[in-house]
2 protein chains.
Amino acid sequence: MLAAARDLLTHRGLQALTMRALAERLDVAPNTLYSHVANKTALIDDLLDEVLAEVQAPTPDIEDPTVGLHQLMASAYDVLLVHPDLVPVYLARQGARGPHAQRLGDITIALLRRAGVVEPAAAEALRVLIIYTIGSAAFASRPPLATGTEHRLNPDESAANFANGLRWLLAGIVQDPTQVRR
Amino acid sequence: MLAAARDLLTHRGLQALTMRALAERLDVAPNTLYSHVANKTALIDDLLDEVLAEVQAPTPDIEDPTVGLHQLMASAYDVLLVHPDLVPVYLARQGARGPHAQRLGDITIALLRRAGVVEPAAAEALRVLIIYTIGSAAFASRPPLATGTEHRLNPDESAANFANGLRWLLAGIVQDPTQVRR
DNA sequence: CAACAGAGCTGGACGATGTCCAATATGTGG
DNA sequence: CCACATATTGGACATCGTCCAGCTCTGTTG
């Protein structure tokens with residue numbers, strides 16, 4: 001059922017992921033779904049966490065933790081872009097809450113610590129990184145935005161833009177996690 | 001009508017902003033609205049841009065452009081938090097497209113240029129800043145997210161978190177707009 | 001001041017959607 | 001072979017965005 005939902009989402013888009021459509025795809029009456037899932041909301045929550053399982057985490061003992069953070073976020077970005085219709089949902093739900101999301105958070109915190117970012121700042125940095133990554137995926141996955149430029153980015157440009165900002169962000173974080181600069 | 005919509009949104013939330021509810025508030029039949037607005041989508045687009053008018057821009061000749069950028073984004077963040085229900089909509093729509101959004105974009109580009117960030121990088125930086133600001137507002141305006149910590153941030157903490165990340169980001173941008181570090 | 005054009009408004013409807021209740025089919029353990 | 005739990009279904013309800021055709025009121029014009 002989750003698989004069918006994902007399939008529907010990938011091929012027909014979020015707006016086509018309706019309980020009736022999902023039921024039809026499973027050759028089942030719409031009501032039947034409610035024997036297996038409490039809500040459409042619950043269904044989507046399950047979907048969100050399942051997708052996060054695809055994110056590739058670097059080995060925890062990678063030599064340069066900053067590189068590890070970059071890899072992790074870049075992988076999350078890639079995975080999010082594979083399911084563009086889910087991205088707005090992540091934002092509306094403020095991320096995911098399931099076990100896979102938990103795992104990624106733990107890994108990130110560990111890498112941050114190894115990069116010299118200790119506790120109070122680490123939680124903040126995690127939030128910032130999540131915000132930036134999901135936000136970037138949101139802006140890359142769909143129509144352009146109202147920047148001054150009318151130039152529309154293609155996927156490669158979006159990815160480069162994301163990587164640039166991530167580099168800026170990580171540089172700022174590890175260089176000066178707590179002190180106010182200037 | 002826009003005012004009524006905004007009022008409804010502020011007091012009853014996005015999910016209560018329905019064409020029928022809006023019509024009732026205006027003592028009018030639901031269909032009447034369609035004489036003034038093409039879609040609910042168009043209505044919301046108008047709303048989004050109207051809200052951006054509240055963002056306070058620093059004087060363009062502020063002595064330190066980095067401070068100006070910080071002020072601008074912080075003001076945008078504040079304004080977004082005044083209308084928490086609109087924030088997911090901004091994300092779903094990837095920002096706004098109206099004249100006010102345009103104006104803020106232009107100001108930001110100008111400040112970036114004065115901070116030494118020139119064109120190819122400036123457009124990227126603008127995107128990054130928008131992503132980060134709206135994303136932060138999204139995460140601050142509603143339930144917590146799946147960080148490793150179960151600690152829920154209060155508004156002040158969220159604002160501080162946002163300011164920290166913004167500082168990190170601006171530091172990274174102005175310090176090294178193009179070169180890869182390390 | 002009267003007639004008319006046009007804008008604003010409305011009644012009613014359509015199709016879609018999420019969800020629920022009560023009844024039925026299905027299959028398994030005794 | 002039967003009773004009972006589980007899965008499934010038919011049908012319905014409320015709500016939503018939206019549209020069509022017609023009515024009403026207003027302001028302008030001759």
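Every chain is numbered from 1, with letters handed out A, B, ... down the list of sequences.
Spacing between atom CG of B/Leu33 and atom C1' of C/dT10 amounts to 12 Å, rounded to whole angstrom units. One can place CD1 of B/Ile44 at 14 Å from P of D/dC16, the figure rounded to the nearest angstrom.
The structure places CD1 of A/Ile131 at 12.5 Å from CD1 of B/Ile134, a figure rounded to the nearest 0.5 Å.
Close to D/dT9, at under 4.0 Å from its OP1 or OP2, lies a side-chain N or O of A/Thr32. For C/dA7, neither phosphate oxygen OP1 nor OP2 lies less than 4.0 angstrom from any side-chain nitrogen or oxygen of B/His36.
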Q: Sugar-phosphate atoms are those with a prime plus P, OP1 and OP2; base atoms are the rest. Using that split, label each nucleotide of nucleotides 17-29 of chain C B, S or - for protein heavy atoms under 4.0 Å, 5' to 3'.
A: BBBB---------

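When the shell of 6.0 Å around CD of B/Glu54 is examined, it contains more than 12 heavy atoms from other residues, nucleotides or ligands.
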**Q.** Pair A/Arg6-A/Leu47, side chain to side chain contact (heavy atoms under 4.5 Å, CB included): steps then yes or no
**A.** CA-CA 7 Å; A/Arg6 238 173 112 171; A/Leu47 260 193; 3.4 Å; yes

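Applying side-chain contact (heavy atoms from CB on, under 4.5 Å) to B/Tyr77 and the options B/Leu72, B/Val55, B/Thr133 leaves one that passes, B/Thr133.
Heavy-atom minimum distance, A/Asp49 versus A/Ala96: OD1-CB, 4.3 Å.
Under 4.0 Å is where a charged nitrogen must lie from a carboxylate oxygen, and between A/Arg25 and A/Asp7 at least one such pair does.
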